[in-house]
Amino acid sequence: MRRTSHACRWMARFGLLLVAFPTTLAAQHNHPGHHGHASTPVDCRTLAAPPWTGLSSSDRLAIEQVRRAAVSLAGTDAAAASGFAPSFGDIPTMGVHWINRTRMQDAAQTDAPDHLLFARIGGRDSLVGVAYAFRGPVDANMPKLFESPLATWHDHPGLGGGSGNTLHMLHVWFVPSPYGPFAGNNFLLPFLTAGRALPNPCWLQSASDVSRFELVATLVDMLHRRADSTAATNDRSGRRGRLGAVGARRGVATMLDELATRVAPQLAAMDTASRAGDRAAWERQADNLVASLRPGERRLVEGVRDRLKGIQSSTAGQRRRGRQ
């Protein structure tokens with residue numbers, strides 16, 4: 001798929017090259033007729049982690065059936081043998097999309113996802129979710145694969161294949177997700193891939209809580225990718241998009257390395273607070289971390305966060321249309 005120059009200019013402007021970040025996707029924010037839906041916390045007790053008890057029994061059963069069916073594809077070798085191949089590289093808050101293009105030609109079916117979502121956790125490529133996708137008009141009748149109103153399709157106009165089409169997509173997570181099992185972005189994924197303790201989704205009670213959490217999650221991801229960049233560059237799987245890394249210009253690389261050393265105490269204290277369930281301590285350390293960011297560092301982290309959120313947009317007209 002053709003990569004656009006728009007996101008490349010943006011990354012150059014911030015001095016950062018996100019290796020394996022899909023620049024075609026990154027250019028899709030602010031598409032007319034769409035609105036972001038990535039930052040709406042759900043019921044933290046029932047909808048932020050498996051087994052998703054806040055869903056209907058039908059939806060829970062459907063997700064569990066999909067998860068069980070995908071167990072045989074939980075390794076990338078098995079996924080490749082079944083017709084899936086990695087595309088785009090490792091996208092922060094989403095992982096690597098392994099796509100079965102043959103399945104994409106068929107009508108979307110709950111029990112036959114055409115995307116597998118892998119993330120590098122604990123040194124292994126782990127299956128963290130699946131996705132469904134199809135190309136069609138922006139106002140296409142959307143397949144109703146799940147009963148929940150949270151099962152909202154998003155789309156990527158730049159991947160529609162021309163003729164005014166767009167790529168419609170729906171994610172399903174098998175791991176904790178603060179915005180629900182169908183969220184486009186999963187801002188807990190950076191903590192998982194970096195091997196850090198997960199903050200409690202119940203701590204996201206206000207817009208300021210969400211903003212702080214997303215900023216910290218983005219920084220955690222950036223620092224982890226920078227630390228992993230040398231290994232990923234030297235590893236063939238990294239070039240295939242299975243690992244992903246930050247390969248920055250020298251000045252930015254130096255900045256990230258210095259920043260990692262400077263905020264290490266706060267991140268360690270946040271891990272301790274997360275494990276202890278101490279919200280006040282976690283927020284205090286997170287606020288200290290954010291306050292310690294220099295203006296250029298904060299602009300960089302906010303820019304990456306905003307791009308990640310901007311590539312997810314709800315499909316226009318889907319509330320008016322729907323097909324069973």
Side-chain angles (χ1 to χ4, degrees), residues 1-4 7 17-28 66-136 143 145 153-162 165-175 184-186 189 192-193 225 228-229 231-247 308 311-312:
M1 298 178 182
R2 185 176 63 87
R3 299 187 174 200
T4 68
L17 174 61
L18 292 176
V19 177
F21 188 92
T23 56
T24 317
L25 296 181
Q28 303 313 317
V66 171
R67 189 193 66 78
R68 289 181 179 178
V71 166
S72 63
L73 304 175
T76 53
D77 288 341
S82 297
F84 290 85
S87 294
F88 308 133
D90 188 358
I91 310 173
T93 74
M94 282 174 264
V96 182
H97 290 63
W98 282 62
I99 303 175
N100 187 314
R101 300 187 184 279
T102 300
R103 284 191 181 183
M104 278 190 65
Q105 306 308 312
D106 301 328
Q109 302 177 53
T110 307
D111 60 353
D114 40 58
H115 287 55
L116 304 175
L117 305 178
F118 282 92
R120 192 78 169 176
I121 300 175
R124 300 179 58 186
D125 290 311
S126 302
L127 184 66
V128 294
V130 298
Y132 306 86
F134 72 95
R135 289 186 173 90
L145 303 182
W153 293 75
H154 60 269
D155 75 309
H156 304 288
L159 302 179
N165 288 334
T166 187
L167 180 69
H168 301 277
M169 182 171 286
L170 174 66
H171 287 175
V172 179
W173 295 104
F174 299 156
V175 296
N185 295 103
N186 186 345
L189 200 58
L192 286 170
T193 56
R225 287 166 184 268
D228 195 42
S229 61
T233 299
N234 294 330
D235 191 306
R236 181 177 300 175
S237 63
R239 291 194 296 272
R240 288 178 59 199
R242 293 175 59 186
L243 295 179
V246 168
L308 291 173
I311 64 178
Q312 301 289 351

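None of these values were measured; they are calculated from a predicted model.
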Check your understanding: Which heavy atom of Gly184 sits nearest a heavy atom of His171, and at what distance?
Key -> O-ND1, 3.0 Å
Revision key, fill the gap. On a heavy-atom basis, the closest approach of Phe84 and Asp114 is CE2-O, 3.5 Å
**Study point:** Distance, nearest 0.5 Å, that separates OG1 of Thr166 from NE2 of His154
**Key:** 9.5 Å
Practice item. Enter the distance from Asn186:CG to Leu308:CG here, rounded to the nearest 0.5 Å. Key: 12.0 Å
Exercise for review: Work out which heavy atom in Ser82 is nearest to a heavy atom in Asn100; give both atom names and the distance.
Suggested key: O-ND2, 3.2 Å
Review point. Looking at NE2 of His168 and NE2 of His156, how far apart are the two atoms once the value is rounded to the nearest 0.5 Å?
Key: 11.0 Å
Output side-chain donor-acceptor pairs under 3.5 Å for residues 66-74, partner residues at least two apart or in another chain, one line each.
from	atom 1	to	atom 2	distance (Å)
Arg67	NE	Glu64	OE1	3.1
Arg67	NH2	Glu64	OE2	2.7
Arg68	NE	Glu64	OE2	2.8
Ser72	OG	Ala69	O	3.4

Practice item. Kindly write out the residues that satisfy side chain to side chain contact (heavy atoms under 4.5 Å, CB included) with Ala85, not counting sequence neighbours, or none if the list is empty. Key: none
Exercise for review: Flag the pair Gln109 / Pro143 as yes when at least one side-chain heavy-atom distance between them is below 4.5 Å, and no otherwise.
Suggested key: no
Point to revise | Any side-chain heavy-atom pair of Trp173 and Leu117 under 4.5 Å | key: yes
Point to revise | Heavy-atom pair with the smallest gap, counting every atom of Arg135 and Leu159 | key: NE-O, 2.8 Å
Check your understanding: Considering all heavy atoms of both residues, which atom of Arg101 and which atom of Ser87 are nearest to each other, and what is their separation?
Key -> NH2-OG, 3.2 Å
Check your understanding: So, are Arg225 and Asp90 salt-bridged, with charged N and O less than 4.0 Å apart?
Key -> yes
Review point. Between atom CZ of Phe134 and atom CE of Met104, what is the distance when rounded to the nearest 0.5 Å?
Key: 10.0 Å
Study note, to complete from the structure: CZ of Phe174 to CG of Leu127, rounded to nearest 0.5 Å, is 5.5 Å
Revision key, fill the gap. Those residues at least two apart in sequence (or on a different chain) that pass side chain to side chain donor-acceptor pair (under 3.5 Å) with Thr93 are Asn185
**Study point:** Option from Val96, Thr193, Leu189, Leu192 for which side chain to side chain contact (heavy atoms under 4.5 Å, CB included) with Val128 holds
**Key:** Leu189
Point to revise | Least distance between heavy atoms, Phe88 atom then Ile99 atom | key: CE1-CD1, 4.3 Å
Check your understanding: How far does CE of Met94 sit from NE2 of His115, to the nearest 0.5 angstrom?
Key -> 11.5 Å
**Study point:** pair Pro86-Phe118: side-chain heavy atoms closer than 4.5 Å
**Key:** no
